[in-house]
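Note on naming: letters A, B, ... go to the chains in the order of the sequence lines (proteins, then strands), and numbering restarts at 1 for each one. Side chains are part of it too, since the values below use all heavy atoms of this structure and drop only hydrogens, waters and symmetry mates. Since the structure is predicted, the reported quantities are computational estimates derived from the model, not experimental observations.
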Number of protein chains: 2
Amino acid sequence: MAQKVDGARRAPLNRDRVLRAAVALADDAAIESVSMRNLAQELGVVPMALYRHVANKEQLLDGMVDVIVGQIDPPAGGADWKAAIRQRILSARRVLLRHPWASSVIESRPRPTLVVLDYLNSVVGMFRAGGFSVDLTHHVMHALGSRVWGFTQELFPGSPLPADPEQAAAAFRELSGRYPHIAEIATGPAHDEGSVVGQGCDDQFEFEFALDLLLDGFERLHQQGWRSANQS
Amino acid sequence: MAQKVDGARRAPLNRDRVLRAAVALADDAAIESVSMRNLAQELGVVPMALYRHVANKEQLLDGMVDVIVGQIDPPAGGADWKAAIRQRILSARRVLLRHPWASSVIESRPRPTLVVLDYLNSVVGMFRAGGFSVDLTHHVMHALGSRVWGFTQELFPGSPLPADPEQAAAAFRELSGRYPHIAEIATGPAHDEGSVVGQGCDDQFEFEFALDLLLDGFERLHQQGWRSANQS
DNA sequence: ACCTGAACACCGTTCAAGT
DNA sequence: ACCTGAACACCGTTCAAGT
């Protein structure tokens, strides 16, 4: 649980302390616990005191995103564009795994903050430094989408099966009847035991599989000197 | 704006009417307007009357997703897997474009509903029918992620530039100074006027660019008889 | 047995009254 | 001039009192 401030607090409140406390609260409890009132109590101040340091709750969430994005490693020097971008995105992913609430907050922001623009600008610069045309870089950034932050929408969030093995087996039989294709890819067939598809799945593998598929595709287009259809 | 029910309502409330009213309210106003209290008022009933037809607000949102997903075209017969899946996903996209609130609601659901599982099951089935191995189909579904619903996370939501042309020009000069790479791909260079990169960008083009890049990648892996590393 | 108004435990934010 | 308690306008949901 989040640390309580002791009776006589010393450090005066500032924006940075507010943001770090909000991140800690989201980490320790849940993002739903991050209300202005709850956060104020955690800091030992009256709710209205927060409004001196953040304009409103939206700006608080923006600030929390900035704290997270600030933890992503800077670009690695020396490596070629593909390795460097791959490395950087996997660094973003490691940050997000430490703060599971962050991906949904990033998604929820209607406008990018300056810190977010800094990160995106530098990723764009990495493609450009690799020789990508302005045109191709534009499309490639769109194709990456949220993967540039190290996450994607999970299609099957949370196992639908109960914890109890016997109940799980029964639930699985029912699932197989109604959704045979899902059941098949969820567990893999018995004759395919060496596969990575097994009980649950390896999210890191899936992420890298898709990332590499995209990066390989980008590389191929770049090498072919890809241009928009109306220019070819 | 949403239609008001006239004084003497006739049709008794049922789950379907509740869900359709919620979708209409989200379409006409905004998803933020879809509160139990607001929705009840729209239907001319007391808030608690809704709880007879949906267990709670979470189930209301699930039901709204079901209404949306139910509008996606069934699989096209006859076409090869690539064309058929492409077509189906673009149909999902057309549905989502009619209901702009839907993508964020789909993302927010912690567990898939039966209708959602039906759709996913049938997409999985389309890959399997195209000869994809269970293994590859698993990874390919993960790689599609939210694109199977016809959307992806927008990296630059809403133009950061003001509407006034003069102010926009000034803002853009400042943007260019701080974020030169973003400025470059946002507008494209002057000598590249034929490009699709121009004032703003064509979201449909970007979606299809990324979708085709992925589908082409899937096809290549399938043709090469791709297997997990530990099996090769 | 069915329905529902009042109440509870929350929100984010405004604003006037206090120092 | 600064700070903040009370208040406002909302939430989702419970529950007991009413029919």
Would you jot down, in residue-number order, the residues of residues 57-67 of chain B having a non-hydrogen atom under 4.0 Å from DNA chain C?
-> none
Any sub-3.5 Å donor-acceptor pair from B:D62's side-chain atoms to B:T113's backbone N or O?
-> no
Output side-chain donor-acceptor pairs under 3.5 Å for residues 172-179 of chain A, partner residues at least two apart or in another chain, one line each.
unit_1 : atom_1 : unit_2 : atom_2 : d
A:S176 : OG     : A:F172 : O      : 2.8
A:R178 : NH2    : B:D118 : OD2    : 3.1
A:Y179 : OH     : B:L114 : O      : 3.2

Can you tell me how far C1' in C:dA16 sits from the matching atom in D:dC2, rounded to whole Å?
-> 14 Å
Side chains of B:L96 and B:I106 in contact at under 4.5 Å (non-hydrogen atoms) | yes
Is the closest side-chain donor-acceptor distance between A:D27 and A:H99 under 3.5 Å?
-> yes
Donor-acceptor under 3.5 Å (A:N56 side chain, A:Q59 main chain) | yes
Give a yes or no on whether the backbone of B:V124 and the side-chain of B:T137 come within a donor-acceptor separation of less than 3.5 Å.
-> no
Integer angstrom distance from the C1' of C:dA1 to that of D:dA17 = 14 Å
Not counting sequence neighbours, which residues clear side-chain contact (heavy atoms from CB on, under 4.5 Å) with B:V34? List them please.
-> B:A22, B:L25, B:A26, B:I31, B:L60, B:M64
Please check if the side chain of B:R52 supplies one atom and the backbone of B:N14 the other of a donor-acceptor pair under 3.5 Å.
-> no
Please measure how far the C1' atom in C:dT13 lies from the corresponding atom in D:dT13, and state the result in whole Å.
-> 23 Å
State the dot-bracket string of DNA chain D. Criteria: Watson-Crick or G-U wobble, both atom distances under 3.5 angstrom; notation: ( ) intrastrand, [ ] crossing earlier pairs, | interstrand, . unpaired.
-> ||.|||||...|||||.||
Atom C1', compared across D:dT14 and C:dG12: separation rounded to whole Å | 23 Å
Would you mind checking if B:D73 and B:R94 are paired as a salt bridge, meaning a charged N to carboxylate O distance below 4.0 Å?
-> yes
Angle class for the A:F205/B:H139 ring planes (parallel below 30°, perpendicular above 60°, tilted otherwise)?
-> tilted
d(CE, A:M36; P, D:dC11) in whole Å = 20 Å
Residues at least two apart in sequence or cross-chain that pass ring pair (Phe, Tyr, Trp, His ring centres under 6.0 Å) with A:H181, listed by chain then number, are none
Write down the distance between CG (A:L50) and P (D:dC3), rounded to a whole number of angstrom.
-> 14 Å
Heteroatom pairs (N/O) under 3.5 angstrom, protein to nucleotides 4-10 of chain C:
none

